[in-house]
Amino acid sequence: MSETQDDFKQAALDYHRQAPAGKIKVTPTKALITQRDLALAYSPGVAAACEAIVADPGEASALTARGNLVGVITNGTAVLGLGDIGPLAGKPVMEGKGVLFQKFAGIDVFDLEIAEKDPDRLVEIIAALEPTFGGINLEDIKAPECFVVERKLRERLKIPVFHDDQHGTAIIVGAALLNALKVVGKRIGEVKLAVSGAGAAGIACLDMVVALGVKPENILVADRDGVLHVDRPDLQPGGGNHGIARYARDTAARSLADIVRGADVFIGVSAGNILGADMVRTMAERPIIFALANPTPEIDPALARQARPDAVIATGRSDHPNQVNNALCFPYIFRGALDVGATAINEEMKLACVQAIAELARREATDLGTAYGGDTPRFGPEYLIPRPFDPRLLVSVAPAVARAAMESGVATRPIEDLDAYRDRLSSWVFRTGLVMKPLFDRARADRKRVVYAEGEEETVLRAVQTVVDEGLAFPILVGRPAVIERRIQRLGLRLKLGREVEVTNIDDDPRFNEYWQLYHQIMQRKGITPAAAKAIVRSRDVVIAALMVRRGEADAMLCGLVGRYVRKLKYVRQILGVESEERGLSALSAVINEKGVTFFTDTHVQVDPSAAQVAESVVQAAFRLKLFGITPKAALISHSNFGSSESASAQKMRDALQILRERAPRLEVEGEMHADIALNEEARQRIFPNSRLSGRANLLAFANLDAANAGYNLVRNVTDGVGLGPILMGLSAAAHVLTPSATVRRVVNMTAIAAVDAQIRAARG
């Protein structure tokens, strides 16, 4: 049963009423635990920061939140589709804007709802707030006052001022138009436009499409008073229409139907249901229709498609393809502007934003997680622009805007290394990015052959596209070439089988006899007959991948995206063997969240390890933390605190500590202890002042599989953390077994880990 409008309205009210009311709050970003913290944050320590800003006002961005703080400001005169409802009623919208700034770009917001309709007084109020903010986002101010307010503020202030209702819509329309023209095969300098609406968004859209190359003489515009033509009295000098007179034409057209006839493009930023199906039928072949009125478009997309099946359509609604949504723009244009200390958001920056958004939609979607609801979009009539939850927007748009700001001379803090800046943004979007960077760099330096057992899986194929683009490894896919090729085409990937990617055909590989004979040789004393060996090799992609590593045809392998972890691990262990049967295998997993990165062992393999095996797992894990550039601080986790219990599991962890003291005397490790004590140095010092562990532990070792796996999954889910691993430790070759929940990003990360694993083994000889 679908949700009714009343049900949705009630759900929205319940959402906003849930305590704490609203959608935003302010939280401190520094520790406020001790008296010293308070002294540093406020009196007397705050005086040092004040004096530094007096000496150099530029220090405000380094010493306060100003450089990452945007004011979302309205007077409530043109709120969404609600009109002049006033500043108080507009507050939920402004809070929502703040949520989007933080969600998509990590920008903090103070929303200000100002009870002032006089544009000059509104300008004075906002201008007086310049010391507070790094940028101003004007919102829901009606035309024509919005033009006056923005212009005067831009003239007075030395921080970016951006009226999103105008320019945000224009930027997304510009990107969508560029791509729609590519889809229909028309040149921007030759098309004819019919535009409905000459308010703030309409004029901004017109200015944008002209800047992109549409000829002004090819544009006809209609507003609520009819077509903009040179004889209209209100468009004469002194007529009071701010900026629209320049789009008046010497034309006999007097109605919307007149200007639509023969037009290649219709852009509507006006009112619902004003574009009839008969009008659409008169448009040029392969028409482009942007019906952006909300909540009711100028024409229902289904009706437009029925009238013109060859039409390419966009709306402002999320329940139709090609939603023109300002959230594709404003978080990222401000991110780039703030990061270079821009004094304005100029035309060059807006055009850079347009081009970056358009280009992103034309790239294949290789690493989107849940942003697209499970389907992978492909550039075409129903995918002209990215969707708001596309994680690539920040990394694509903000650097383009920052570069444009620097090149156009409005950046006060230029970024010297844009590649490093992209890496930093990528680390914010993909929270594993900063942790993985040392291994990515090392993997690129000496690329290894990595074989993927489940080579037909979409997650693998999308990951492999990134692996190829990033130069992390030489991929080998196990699967059926025809199936892989079809899926590459359907996903819109650029992988070239036989060139960038090798395929091992599971159905018809000339090495099949060699493979099954080797498997039989390994397993002949474990009940495997020649017939069984043939059947297993023919039907088990993980077996083929492991045999390729054993034969030296691949340097490392990944598997586990389909099927049970234990079964996959069994085959890998049978074929590749372990370094030491006594020490065994173990698995290391990590969670990256706001607290940093925390590693857990053993999360997947040893059900009830011995003290020696716990110690071995910690030693192996500590080595791998150093590969990430992290100094290991290990804690042996138990229900017991430093001898408070005599249980078997507590004694096991005490024994493991003694083994570690002997095997790795330089390793910073302590135990046995509660998990909260491992993570809180102050509490640890109170109960055990002589602890050899300093700070917060980043490597947690558990007494059994239940505790380790539960701890890892609880932390990952409760803290909204991102998982990394599992990383197999103790095998005789570079091989890792993933889980079916692995994302594209996790497969990419594990590829780099596997490649570096192979490098280390090759160096050892």
Side-chain angles (χ1 to χ4, degrees), residues 443 446-455 460 464 473-479 501-587 604-605 620 726-738 747 750-765:
D446 179 17
R447 284 196 286 170
K448 296 298 182 183
R449 300 163 298 170
V450 178
V451 58
Y452 302 81
E454 296 92 359
V460 170
V464 165
F474 296 108
I476 305 170
L477 302 173
V478 177
V501 180
E502 182 182 326
V503 177
T504 296
N505 189 344
I506 195 170
D507 282 344
D508 185 25
D509 191 284
R511 297 166 293 187
F512 173 72
N513 286 335
E514 298 172 21
Y515 285 166
W516 78 255
Q517 289 169 5
L518 175 57
Y519 183 66
H520 177 252
Q521 178 185 335
I522 296 167
M523 300 298 297
Q524 61 186 337
R525 293 189 179 275
K526 296 181 181 178
I528 299 298
T529 65
K534 290 180 182 179
I536 290 170
V537 172
R538 181 75 71 190
S539 61
R540 299 286 189 273
D541 46 27
V542 62
V543 172
I544 291 177
L547 289 169
M548 292 183 71
V549 173
R550 176 146 179 167
R551 284 164 51 93
E553 295 164 348
D555 302 303
M557 67 169 285
L558 293 178
C559 66
L561 273 80
V562 178
R564 295 177 56 203
Y565 185 93
V566 173
R567 185 178 294 275
K568 300 282 185 176
L569 178 60
K570 181 187 76 171
Y571 286 121
V572 170
R573 182 170 185 162
Q574 286 174 345
I575 295 168
L576 298 179
V578 295
E579 292 175 339
S580 167
E581 288 291 347
E582 180 182 350
R583 295 173 181 172
L585 290 178
S586 61
H604 286 78
V605 181
Q620 295 264 9
I727 302 169
L728 265 181
M729 304 182 297
L731 275 175
S732 292
H736 300 278
V737 182
L738 304 178
V747 175
M750 289 303 300
T751 299
I753 289 170
V756 172
D757 191 354
Q759 289 175 2
I760 292 169
R761 293 173 189 277
R764 289 174 180 168

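We count residues from 1, following the sequence as given.
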**Asked** Under 4.5 Å between any side-chain heavy atoms of Val605 and Leu728, yes or no?
**Response** yes
**Fill in**
Residues at least two apart in sequence or cross-chain that pass salt bridge (Lys or Arg N to Asp or Glu O under 4.0 Å) with Arg761, listed by chain then number, are Glu579, Asp757
**Request:** Specify the closest pair of heavy atoms between Ala554 and Ile476, including all atoms of both residues, with the distance to one decimal.
**Result:** CB-CD1, 4.0 Å
**Message:** For His736, give me all partners under ring-ring contact (aromatic ring centres under 6.0 Å, His included), at least two apart in sequence or on another chain.
**Reply:** none
**Fill in**
When rounded to the nearest 0.5 Å, the distance separating CD of Gln759 from CG of Asp446 is 4.5 Å
**Asked** Among all residues two or more places apart in sequence or in another chain, which pass the side chain to side chain contact (heavy atoms under 4.5 Å, CB included) test with Phe474?
**Response** Arg447, Arg449
**Fill in**
Distance col, row Leu547:CG vs Leu518:CG, nearest 0.5 angstrom, shows 5.5 Å
**Prompt:** When rounded to the nearest 0.5 angstrom, what is the spacing between OH in Tyr519 and CD in Gln524?
**Reply:** 12.0 Å
**Request:** Working to the nearest 0.5 Å, report the span between NZ of Lys570 and CZ of Arg573.
**Result:** 12.5 Å
**Complete:** Shortest non-hydrogen pair, Asp555 vs Val549, comes out as O-CG1, 4.4 Å
**Request:** Please answer whether the main-chain N or O of Leu738 pairs with a side-chain N or O of Lys568 as donor and acceptor at a distance below 3.5 Å.
**Result:** no
**Prompt:** Between Ala762 and Lys448, which heavy-atom pair has the shortest distance, and what is it?
**Reply:** CB-NZ, 4.2 Å
**Qualifying residues under side chain to side chain contact (heavy atoms under 4.5 Å, CB included), relative to Arg525, sequence neighbours excluded** = none
**Prompt:** Considering all heavy atoms of both residues, which atom of Val572 and which atom of Cys559 are nearest to each other, and what is their separation?
**Reply:** CG2-SG, 4.0 Å
**Asked** Who are the side chain to side chain contact (heavy atoms under 4.5 Å, CB included) partners of Ala546, not counting sequence neighbours?
**Response** Met557, Ile575, Leu576
**Item:** Test ring-ring contact (aromatic ring centres under 6.0 Å, His included) applied to Tyr565 - qualifying residues, sequence neighbours left out
**Value:** His604
**Asked** Which pair of heavy atoms, one from Ile522 and one from Arg550, lies closest together, and at what distance?
**Response** CD1-NH1, 3.5 Å
**Fill in**
Correct closest heavy-atom pair for Leu731 and Leu585 would be N-CD2, 3.3 Å
**Asked** Are the side chains of Arg764 and Ile760 in touch, meaning some heavy atoms are under 4.5 Å apart?
**Response** yes
**Prompt:** Under the salt bridge (Lys or Arg N to Asp or Glu O under 4.0 Å) test, which residues partner Glu553, sequence neighbours left out?
**Reply:** Arg511, Arg551
Going by atom type alone, with no hydrogens or angles, which donor-acceptor pairs under 3.5 Å involve a side-chain atom of residues 528-541 and a protein atom two or more places apart or on another chain?
unit_1	atom_1	unit_2	atom_2	d
Thr529	OG1	Ala532	N	3.1
Arg538	NH1	Asp507	O	3.1
Ser539	OG	Ala535	O	2.7
Arg540	NE	Tyr571	OH	3.2

**Asked** Looking at residues at least two apart in the chain, or sitting in another chain, which of them share a side chain to side chain contact (heavy atoms under 4.5 Å, CB included) with Ala473?
**Response** Val450, Val467, Thr751
**Residue of the set Ile506, Asp509, Asn505 for which side chain to side chain contact (heavy atoms under 4.5 Å, CB included) holds with Ile544** = Ile506
